[in-house]
Amino acid sequence: MTGNTENDQRYDHGPARHRRDKGLQRRRILIGGGTAALAGGLAAAGLAAADTPSTTTTDASTTTVTGDASASATSGVCTLTAEVTEGPYALDGALIREDIREEKEGVEVQYTFTVVDQDNDCAPLADALVELWHCDALGEYSAFVGKNGHTEDDDGTFLRGGVLTDSDGAASIISIWPGHYVSRAVHVHMRVHTDVTLADGTYTGGTLVHTGQLFFDADLNEEVQATSPYSDNTTAETSLGDDTIYDDGGAASGLLTLTALGSDVSDGYTATLTVGVSTS
């Protein structure tokens, strides 16, 4: 493995404010109380039934790709989203903002998450901070530019940020489809915090209740990576099937449900996922 492999704890993590890799933790627990979850409106929010197969639906203007959850589960239950390493590029103090793109070019992705609390019958979790960060089209992370071999401006904040969930547990964030870098499939990092204090456009304090990663349909990703500016990234790409973090668990492991915003890849996608967390 090369030095920027995300589960290599020997890596020099750079600035002191950067959190160290906590190591790989995998956790996928089926949660009872599906009836209560549906009563809370999760069906409309895109909760994937745990035994729903992966499907792709296509017409002239839309494409929807839905990731399945655990194939061994029964329907009518919600799922605690898999906990995995936060990787070597996490930073404290994300900016509170809905649009994290700044000036970065790439295929637009409109994320909508519904956060539910497995310790409260999978009820929507309000006022939780959903935080995302990921690399740009060339595989570079803000505050760590150069790790994937490219030279570009680095303000330390691009493609990082988060928002609070509303009373329905929903949070919406706009970004771009990530690029790739050596040793990892294309992915997005996520953390969910409760009881944070907002001030000066960022947050302090709170309790971290989820650390995970989000993944993209392999066929759609191939189309995106073939377009500009992604095609300018000539570093080796790892397929989703060969990724060291994704365990083929579908939605329970962070596989997003993607819907095309138009007839062309460049028109962008919506991405939805119900994120089950434990607040205990």
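A donor-acceptor pair under 3.5 Å links the side-chain atoms of His150 to the main chain of Leu138, judged by distance alone. In terms of modelled atom types and a separation under 3.5 Å, the side chain of Gln213 and the main chain of Gly254 share no donor-acceptor contact. No side-chain donor-acceptor contact under 3.5 Å links Asn120 to the backbone of Cys122. At distances below 3.5 Å, at least one donor-acceptor pair connects side-chain atoms of Glu140 with backbone N or O atoms of Gly146. Panel note: side chain Thr202, backbone Ala94; a donor-acceptor pair is recorded below 3.5 Å. Judged by distance alone, with hydrogens and angles left aside, the side-chain atoms of Thr194 form no donor-acceptor pair with the main-chain N or O of Ala128 at under 3.5 Å. Judged by distance alone, the side chain of Glu105 and the main-chain N or O of Tyr230 form no donor-acceptor pair under 3.5 Å. Under the 3.5 Å distance criterion, the side-chain polar atoms of Asn233 are matched with a main-chain donor or acceptor of His180. Not a single donor-acceptor pair under 3.5 Å links the side chain of Ser253 to the backbone N or O of Asp247.
For the side-chain hydrogen bond (donor to acceptor under 3.5 Å, both in side chains) criterion with Arg184, the lone passing option out of Asp242, Thr238, Asp243 is Asp243. For the side-chain contact (heavy atoms from CB on, under 4.5 Å) criterion with Phe113, the lone passing option out of Thr274, Thr272, Val130 is Val130.
Under a cut-off of 6.0 angstrom, the local environment of CG in Asp200 is sparse, with at most 12 non-hydrogen atoms contributed by other residues, nucleotides or ligands. Surrounding CG of Asp155 are more than 12 heavy atoms belonging to other residues, nucleotides or ligands, all under 6.0 Å away.
Under the 4.5 Å side-chain heavy-atom criterion for grouping Ile, Leu, Val, Met, Phe, Trp and Tyr, Val186 is connected to Leu132 within one hydrophobic cluster. Tracing side-chain contacts under 4.5 Å through hydrophobic residues (I, L, V, M, F, W, Y), one never reaches Trp177 starting from Ile174; they form parts of separate clusters. With hydrophobic clusters built from ILVMFWY side chains whose heavy atoms lie under 4.5 angstrom apart, Leu95 does not share a cluster with Ile173.
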Any chance you could lay out the side-chain hydrogen bond (donor to acceptor under 3.5 Å, both in side chains) test for Thr279 and Asp117, step after step, and finish with the verdict?
-> CA-CA 7 Å; Thr279 58; Asp117 183 4; 2.8 Å; yes
Could you go step by step and tell me if Phe144 and Leu91 meet the side-chain contact (heavy atoms from CB on, under 4.5 Å) rule?
-> CA-CA 10 Å; Phe144 299 91; Leu91 296 174; 4.0 Å; yes
With side-chain contact (heavy atoms from CB on, under 4.5 Å) as the test, would you mind laying out the steps for Val182 and Asn148 before giving the verdict?
-> CA-CA 7 Å; Val182 175; Asn148 201 39; 4.1 Å; yes
Starting from the C-alpha separation in whole Å, work towards a yes-or-no answer on side-chain contact (heavy atoms from CB on, under 4.5 Å) for Val196 and Glu131.
-> CA-CA 12 Å; Val196 299; Glu131 174 191 1; over 6 Å; no
Ser175 and His134: side-chain hydrogen bond (donor to acceptor under 3.5 Å, both in side chains), yes or no, with the steps?
-> CA-CA 9 Å; Ser175 191; His134 61 83; 2.6 Å; yes
Would Ser172 and Gln110 count as a side-chain contact (heavy atoms from CB on, under 4.5 Å) if you check the C-alpha gap in whole Å, the side-chain angles of each, and the deciding distance to 0.1 Å?
-> CA-CA 7 Å; Ser172 297; Gln110 300 176 2; over 6 Å; no
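In terms of heavy atoms, His210 sits closest to Leu208 at O-CD1, 3.5 Å. Residues Cys135 and Gly179 share a closest heavy-atom pair of SG-O, 3.4 Å. Looking at every heavy atom in both residues, Phe158 comes nearest to Asp153 through CE2-O, 3.8 Å. Scanning all heavy atoms of the two residues, the minimum distance from Ala171 to Thr165 falls at CB-CG2, 3.9 Å. Looking at every heavy atom in both residues, Leu80 comes nearest to Gln118 through CD1-CG, 4.0 Å. Considering every non-hydrogen atom in both Ser239 and Ala185, the closest pair reads O-CB, 3.7 Å.
Summarising the geometry, atom CG belonging to Leu198 is positioned 5.0 Å from atom CD1 belonging to Ile96; distances are rounded to the nearest 0.5 Å. The distance from the CD atom of Glu222 to the CD atom of Glu237 is 8.5 Å, given to the nearest 0.5 Å. To the nearest 0.5 angstrom, Leu214 atom CG is 4.5 Å from Met190 atom CE. Between Leu159 atom CG and Asp136 atom CG the span is 6.0 Å, to the nearest 0.5 Å.
Side-chain contact check for Phe215 versus Ile245: some heavy-atom pair is nearer than 4.5 Å. Between Ser142 and Asp154, some side-chain heavy-atom pair lies under the 4.5 Å cut-off. Proximity of Asp217 to Tyr269: side-chain heavy atoms (C-beta onward) are nowhere separated by under 4.5 Å.
The aromatic rings of Tyr89 and Tyr141 lie parallel to each other, with less than 30° between the two planes, well short of the 60° mark. Relative ring orientation between His189 and His187 is described as perpendicular, the plane-to-plane angle rising above 60° on a 0-90° scale split at 30° and 60°.
Between Lys104 and Glu152 there is a salt bridge, since a side-chain N of the basic residue sits under 4.0 Å from a carboxylate O of the acidic one.
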